[in-house]
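Reviewing the structure listed below.
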Amino acid sequence: MMDFDLSRPADSLHRSRDSSVLLRSGLNMIQQAISLYSEDLVLLVANRRFKTIFNLPDRLIEPGARFDDTIRHLAAQGEYGPVEDTDQFVADRVNQALTFQPHYLERKRANGRWLSIEGGPLRQGGWVAVYTDITDIKRQEHILRARSEDLSGELLSRSEELARTNRALQSTITQLRETQQHLEAAEARVRLAAETTPAHIARIDRQGRYTYSNHRLPLSPANGASDIVGHGIQEVLGTPIYTIISDAMNSALGGAPKVVEFDTPEGDNHIRAAFTPDTDMTGAVTGAYILSMEISPGYGDRASPTDPVPKTRASFNGWVVNLQGLEVTAPDGRTETLSLAEAALLRHFLERPNEVLTRDDLTSARTGSTRSLDVRMSRLRRKLAGDPENPSFIRTVYGAGYLFAANVTWG
């Protein structure tokens, strides 16, 4: 399916007809007739075959043409055979179209040719229809019936019915494939939104194992895991923190959401975690979603005593850092997302550029424990230089610590 802005009125569709030239050029290469109508039954786009197969005038294949006008024209041309009450016939077709139900049918036209019609709803509203001339297929079926005197009429009927069923099944398979593509695209957008959210979003099952994480855990995993999916929540958070949050977790697994706040064992981070039940279609709780973030006072907007402006943006050697937005942008425009701990580590470097910082200096800057510093350092180097083995900014001063080799400008 294709994406269209179905909220635009018909007159704006007319004004934008030039923008659909490339789309229609592509559709014109398809042998089947194709039409796409909006939820208010206004034509969005149609290909050349749609015009020729029904011998339509130009006004009925331009964006903005009304569906009922097209049906009325086809009825007047005898497309549907004798029609006693044209107004009622058009109204019935319009009401049927407004249900936006997937359908497949085959019908013989007034000119003797056969058409298959496949229709399916668009996810934004409206529908797409594909018309295929199957006259040759029907002729082959007729020839087979006429020349196969040895075959029983029942066998031929079943063979023809099987052919129709196969064509309808192929239409259904196509619709399922399109639906799967839409779901995959939607899932990708949701994952992207989750990965760029400055908070930890996770899910646990009823056994307390992580089944999803957007890799923004606001504290260092107690077990040192780089990916917490598959690990138990007590194993990841450690017994002291697990003891604090277990009541809220059990409440969510019991069906009642709950929020809890706590300090990390080091005492320099204050975390708020919200637990929400995850239920299936029957209402049974299958797990819990967790939204947690650091709410330590002043995080992301701390300023030096002599600088009244919050330090949230900095630049160096063509790079731009947005600590509040948790992003770093390279000179070539490539943007990397930072975790809370990576942003805290980078802030410490940016506030003291060209100085040797010890490991104790860095682990006191909300970057986690000493055992996780090397992991976060490697990730930050990779995001800033692309090669953690040959860092261009964060340099190791053996026996002393680390140095950020760049001149930094704040603001």
Side-chain angles (χ1 to χ4, degrees), residues 195-200 214-221 226 263-272 292-331 333-388 391-397 400-411:
E195 295 295 337
T196 56
T197 299
H200 184 226
N214 68 343
H215 307 293
R216 288 184 172 274
L217 190 66
L219 66 163
S220 302
S226 58
D263 292 318
T264 58
E266 295 82 4
D268 55 0
N269 286 20
H270 189 70
I271 309 295
R272 175 184 293 139
S292 57
M293 64 180 66
E294 180 184 0
I295 57 173
S296 303
Y299 178 78
D301 60 358
R302 291 173 294 166
S304 65
T306 59
D307 187 0
V309 180
K311 289 186 175 182
T312 59
R313 299 181 68 89
S315 60
F316 57 92
N317 293 60
W319 291 71
V320 177
V321 179
N322 181 354
L323 292 172
Q324 194 167 22
L326 299 177
E327 288 184 344
V328 57
T329 304
R334 171 177 55 89
T335 298
E336 296 280 359
T337 302
L338 302 173
S339 68
L340 291 172
E342 290 166 355
L345 177 60
L346 180 56
R347 170 186 285 280
H348 212 53
F349 279 125
L350 296 176
E351 290 179 339
R352 298 173 62 181
N354 300 306
E355 292 185 29
V356 176
L357 304 180
T358 67
R359 295 179 68 87
D360 289 341
D361 291 332
L362 296 173
T363 54
S364 66
R366 293 197 178 102
T367 60
S369 61
T370 301
R371 65 178 178 233
S372 64
L373 177 61
D374 293 333
V375 174
R376 301 190 190 282
M377 190 75 71
S378 177
R379 290 178 180 172
L380 187 57
R381 279 174 163 168
R382 184 163 52 249
K383 292 179 179 180
L384 292 179
D387 182 6
S392 58
F393 297 115
I394 301 176
R395 300 179 182 176
T396 300
V397 181
Y402 302 91
L403 179 143
F404 190 79
N407 294 321
V408 178
T409 301
W410 290 91

Without swapping roles, check the side chain of N354 against the backbone of A406 for a donor-acceptor pair under 3.5 Å. yes
Would you say the side chain of F404 lies within less than 4.5 Å of the side chain of R352, judging by non-hydrogen atoms? no
Taking all non-hydrogen atoms of both residues into account, name the closest pair between L350 and A314 and its distance. CD1-CB, 4.0 Å
OH/Y402 to CZ/R395 distance, rounded to the nearest 0.5 angstrom? 15.0 Å
Identify, with sequence neighbours excluded, every residue that meets side-chain contact (heavy atoms from CB on, under 4.5 Å) alongside T409. S315
Under 4.5 Å between any side-chain heavy atoms of L338 and L380, yes or no? yes
To the nearest 0.5 Å, what is the distance between OG1 on T335 and CG on N322? 10.0 Å
Enumerate the salt bridge (charged side-chain N to carboxylate O under 4.0 Å, His left out) contacts for residues 336-345, please, sequence neighbours excluded, ordered by first and then second residue. R334-E336, E342-K383
Is there side-chain contact between R313 and V320, with heavy atoms separated by less than 4.5 Å? yes
So do the side chains of L384 and L346 get within less than 4.5 Å of each other, counting heavy atoms only? yes
Centroid-centroid under 6.0 Å between F316 and F393 rings: yes
Looking at R381 and I394, would you say the former's side chain and the latter's main chain have a donor-acceptor pair under 3.5 Å? yes
Can you name the side-chain contact (heavy atoms from CB on, under 4.5 Å) partners of L403, sequence neighbours left out? V356, V397, A405
